[in-house]
2 protein chains.
Amino acid sequence: MLKVERQNAILQEIRTHNKVHSSKLSQLLNVSEDTIRRDLRELAGNGHIKKVHGGAMANPNSPESFRKQKISQQAEREIIAEKAASLFQSGQVILMEGESTNLLLVDYIPDDMTLTIFTNSLRLATKLFNYQNIETVLLGGKISHKYPMTLGIDVINALGEIHADLFFTEIDSIHEDIGITDGDRENAYTKKAMFRSSSQVIAMCLSNEIGTIQPFKVESVSQIHMIITEESPDHHQLNRFSNKGVQIL
Amino acid sequence: MLKVERQNAILQEIRTHNKVHSSKLSQLLNVSEDTIRRDLRELAGNGHIKKVHGGAMANPNSPESFRKQKISQQAEREIIAEKAASLFQSGQVILMEGESTNLLLVDYIPDDMTLTIFTNSLRLATKLFNYQNIETVLLGGKISHKYPMTLGIDVINALGEIHADLFFTEIDSIHEDIGITDGDRENAYTKKAMFRSSSQVIAMCLSNEIGTIQPFKVESVSQIHMIITEESPDHHQLNRFSNKGVQIL
DNA sequence: CTAATAATTGCACTATTTTGCGGGATATCT
DNA sequence: AGATATCCCGCAAAATAGTGCAATTATTAG
């Protein structure tokens, strides 16, 4: 990897996360922390970023102002994304659904990790296009008018042809008795089909969504293998799920 | 191998990957790294590329940058797009391939026109997401590492399930005897499959691409129903195609 | 056609850049 | 203050770049 390439990657990282840790970058880009620090010093010298203890932040006075990506509760989602990324292993086949946390998640994938990622999200697929070691497969189908993703019967058919090791789903509502629910009927159907196309299901959700219910049922809690929230695993709201045999991360 | 030939190969490499390593190029082109470095220095001197330690990268501020070259031909593409848009009729099923002219083309679609558009282009699909009266269907499959689009066997399978009224294809090379050719093997296969999934095929190409040939055959001229260029239909270069029964717009 | 001239290329050698590491300084947190 | 993490400095190894030169090839002049 060229030095400029690496520095561009750092800038890109700051653009999406607003901040970077030297240690994380070191892992992500497979170079020593010293090299990262030297890069940060250089970039800061050009006025691109602001160097801080432990890493760097977006420079508010930068000539090229970074357009901030509007992801709600980004800080919490970052925590979830980082936990989720620890589950990846080279060679795995991953199924991903959702465009908030998953979009952050891919930044935590090390450069040298080889993965196959199936998704129905246009944004995710577009982002993954730049990752040379990741084979991205887009599940074809009709594009929803609500979200930039494919939904419906075509996607469900396509899912019948594949089987993933891990399925990362972003869920908006989960209830210990009712299970996972969704506000969109087609989305619920599609998610349900995704459950059947993976060995393991990892549900990512914000803690304030625990206990909520929406009109359309996706699956019951027993079908989930792991829940990831921004809280620590021993958070009191999570007991009722761990009691049902669901792993908490 | 001629020097210019080699330098063109380097430019091509940068065009597709946005970067090159001197060491890789040396292996690829079977010359010493010194020669590569000299080439890079020369190309950088002309402002074509930006030389960096370890290789070179695409020059964003280049006078004749590749991206800008696309843009510089945007005027011609606009003319083609406007002509092409006149073919649309409400209720039609359209198949679209390509991300330059087609991206401009959708802007010429009237707001009240109802269409179904099949495409394998991520950019096009993302743009069409905002058009409420257009039902967009993305042909699923593996995402190319060269272009943000799905290619290959999955797309070809998906094409087997559909049939469109019109197929708008952007072609890079057309020759009266050899037919339509493409520089990418998978792309050529996929285009070929698209020909079979539409009643009418409309080929859009810039006039300076007429008569050129690339390694991989897509289809012969007889399979095209219409050619659209930025020139007027009675342009001398187009006679040889109209003589073969192809409509010119 | 031949000889002179110019351009191109690879090689040996040296210079520069980049990188990781150890050691000590500095900052952060409790 | 003590523990830990982070940072900075200098060094050495490795990678990459520049330079001069000789051999080869292409081009041009006569």
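By convention in this document, chain letters (A, B, ...) are assigned in the order of the sequence lines, proteins followed by strands, and residues within each chain are numbered from 1. Here the structure is a predicted model, which means the values were calculated and not measured.
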Decide whether S22(A) and E33(A) meet the rule of one side-chain donor and one side-chain acceptor closer than 3.5 Å. no
Please list each protein N or O that sits under 3.5 Å from an N or O in nucleotides 16-25 of chain C, with the distance.
unit_1  : atom_1 : unit_2 : atom_2 : d
dT18(C) : OP1    : K3(A)  : NZ     : 3.1
dT19(C) : OP1    : R6(A)  : NH1    : 2.7
dT19(C) : OP1    : R6(A)  : NH2    : 3.2
dT19(C) : OP2    : R6(A)  : NH2    : 3.0
dG20(C) : OP2    : S32(A) : N      : 3.1
dG20(C) : OP2    : S32(A) : OG     : 2.8
dG20(C) : OP2    : T35(A) : OG1    : 2.1
dG20(C) : N7     : R38(A) : NH2    : 2.6
dG20(C) : O6     : R38(A) : NH1    : 3.4
dC21(C) : N4     : D34(A) : OD2    : 3.3

Roughly, in whole Å, what's the span from NE2 in H21(B) to C1' in dA17(D)? 16 Å
What's S22(A) touching, base or sugar-phosphate or nothing? Going by heavy atoms closer than 4.0 Å. sugar-phosphate
Would a line drawn from the ring center of F118(A) to the ring center of F167(A) be shorter than 6.0 Å? no
Contacts of type side chain to side chain contact (heavy atoms under 4.5 Å, CB included), residue K83(A), not counting sequence neighbours: I79(A), I228(A), L249(A)
State whether K51(B) places a side-chain N or O below 4.0 Å from either non-bridging phosphate oxygen (OP1 or OP2) of dT16(D). no
Take atom CG of L25(B) and atom C1' of dT9(C), then tell me their distance rounded to the nearest Å. 16 Å
Interatomic distance where CZ belongs to R37(A) and C1' belongs to dC8(D) [whole Å]: 8 Å
Show your working on side chain to side chain contact (heavy atoms under 4.5 Å, CB included) between M204(A) and T169(A) and close with a plain yes or no. CA-CA 6 Å; M204(A) 304 182 289; T169(A) 178; over 6 Å; no
What integer distance in Å separates K24(A):NZ from dA5(D):P? 12 Å
Mind checking whether H17(A) and Y108(A) have parallel, tilted or perpendicular rings, split at 30° and 60°? perpendicular
Taking atom types as modelled and ignoring hydrogens, do the side chains of H163(A) and S199(A) form a donor-acceptor contact shorter than 3.5 angstrom? yes
